[in-house]
Amino acid sequence: MPPPTYIVIFGASGDLTKRKLLPALYALSCENLISPNIVIVGFARKEKSHEQFRTELGKAIKQHSRFKNEAETKGKHSWEIFAKRIYYYKGDFSNAKDYTGLLPFLDSLTSANTDPSNRLFYLATPPRVFAIIIQHLGKAGLVSTKSSGNGWTRIIVEKPFGRDLETAKILNDKIAAVFQENQVYRIDHYLGKETVQNILVFRMSNGIFEPLWNNHYVDHVQITVAESIGVENRGSYFEEAGTLRDMIQSHVLQLLTLIAMEPPAAFEANAIRDEKVKVLHAIRPYAHTDVDNHVVRAQYGEGHIDGNATIAYRQESGVNPNSNTETFVAMRLNIDNWRWAKVPFYLRVGKRMAKRLTEVAIYFKHAPYALFRSAGCHIIEPNVLTLRIQPNEGISLGFGSKAPGTAIRIDPVQMDFLYETSFQDAQPEAYERLLSDCLTGDSTLFARRDEIEHAWDLVTRIIHAWNDVPRPQLPKYQSGSWGPDESDNLIQKDLRKWRKT
Ligand code: BG6
């Protein structure tokens, strides 16, 4: 179990705290996976009493926690008991005094509780204040770089981590001026998903897949991250971000590295991250003038999802009516290494798509000889191994089977594993796993500095090419579709097609 710790959340009044962080901490408590002596301090600007803050969070727990039923949360796991360990500290992110005051405030809580000498700072604020908070934490003496004696100090930094390679490096430098790299936990909630963690387990705990996991047997790989939701109430954030920064730089490249990496020498944070970085390093950089041949961007127009009419991106609140921010990206990547030479990776990511679906599909090469052609079977589907990240979490393998009858007919069939039917236990939320790992000091599921910078390097090349040739109007796709024609053309040029789902 993680040791007693002070968890100070910057941006305590924000959505992330209410929807994800507190529900995750509460779930860890209900599962007995967190010390009962944990102390949570919300740091935010508004005047608020501890009681008001607890009441606000109590409402959020009712809405967002997976432990909200009376029966599940009675006794020592009741919200009322947990809430007693939550405090509010009014502070301005840019006011030095509010940081110097934080230390005595934390000390004052120590007398009321047992002594948690470890400190975890969580940056759940807009990214523009990350650097200023970090500098103030350092100046106020709140960061101990020693890992023993007076306990440890760690920091979790939310995404987006920078806007491009340059800003990511600047932020990394500012962090490095105050924290050592092993104290820094850059969060990517995709890494906390069970099914994402299962990618390595699937590949490296089963003897039969790894021998096939290379350019001798794999024709190509498709990664799809489709959301049916639009930008919701985050229009102004998304205007600045776009799908390339919001999804590709982080979640999608994380999926790609887990699929493409070499087996690490040990199941250990740096050994795994070393291998992931090698993949990013091996991705062939696009030539500046060639980006449009490999990367498609588009924006959603009006349409229908689940029978309901939906508005276009440009009509969303907080969005410029002439916006050219992309809500969809499709791209082709090549990984220039021994394992993946000549195996293209196709990525397709978008909002307001036909349905919510995140999956990785490994397309295998055809059998070397078409034995059944003489029996009239000309087109045989390739074998496709699909890792369904969400929803309907599971894995399936498609293969051809003789359809019953006197003639030879080969039909595609599926071998299916579904989490839901194989495992009865509820899946923990990604933030539960990640918070628990950080509290125990395991950074395997967090991005290291070089990982972030390599990912930004690739993405920044695309951003620069796009900025150099601005398009007055991005291609549009209908909400509720699978993206624009340009995306189909991208893969069809290679005589392949997107997986129908
Ligand atoms: C976030 C992005 O990081 O991930 C959002 O900022 C996106 O735009 C979300 O909707 C998707 O996460 P999930 O877990 O719902 O797939």
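In listed order, ligands and their atoms are each counted from 1.
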Going by the atom numbers of ligand 1, which of them fall below 4.0 Å from some non-hydrogen atom of [X]?
X: Tyr190; answer: 12 (O), 13 (P), 14 (O), 16 (O)
X: Lys351; answer: 5 (C), 7 (C), 8 (O), 10 (O)
X: Asp246; answer: 2 (C), 5 (C), 6 (O), 8 (O)
X: Lys193; answer: 13 (P), 14 (O), 16 (O)

### Query
Does CG in Asn206 sit with more than 12 non-hydrogen atoms of other residues, nucleotides or ligands closer than 6.0 Å?
yes
### Message
Taking the cut-offs as 6.0 angstrom to the six-membered ring centre and 45 degrees off its axis, would you call Arg119 and Trp152 a cation-pi pair?
### Response
no
### Task
Please determine if Lys159 forms a cation-pi arrangement with Phe161, meaning its NZ or CZ atom is less than 6.0 Å from the six-membered ring centre and no more than 45° off the ring axis.
no
Starting from [atom], locate the nearest protein heavy atom and write down its residue, its atom name and how far away it is, to 0.1 Å.
atom: atom 15 (O) of ligand 1; value: Gln390 NE2, 4.2 Å
atom: atom 5 (C) of ligand 1; value: Arg234 NH1, 3.3 Å
atom: atom 11 (C) of ligand 1; value: Glu227 OE2, 3.6 Å
atom: atom 12 (O) of ligand 1; value: His189 NE2, 3.1 Å
atom: atom 3 (O) of ligand 1; value: His251 NE2, 2.7 Å

### Message
If I compare all heavy atoms of Lys193 with all of Gln390, which pair ends up nearest, and what's the gap?
### Response
NZ-OE1, 2.7 Å
### Query
Taking all non-hydrogen atoms of both residues, which atom of Ala447 and which atom of Gln254 are closest, and how far apart?
CB-NE2, 4.0 Å
### Donor on one side chain, acceptor on other, Arg19 and Gln63, under 3.5 Å
no
### Query
Which residue, Arg186, Arg154, Arg273, Arg448, forms the salt bridge (charged side-chain N to carboxylate O under 4.0 Å, His left out) with Glu181?
Arg186
### Task
For ligand 1, find out whether one of its N or O atoms is nearer than 3.5 Å to an N or O atom of Lys159.
yes
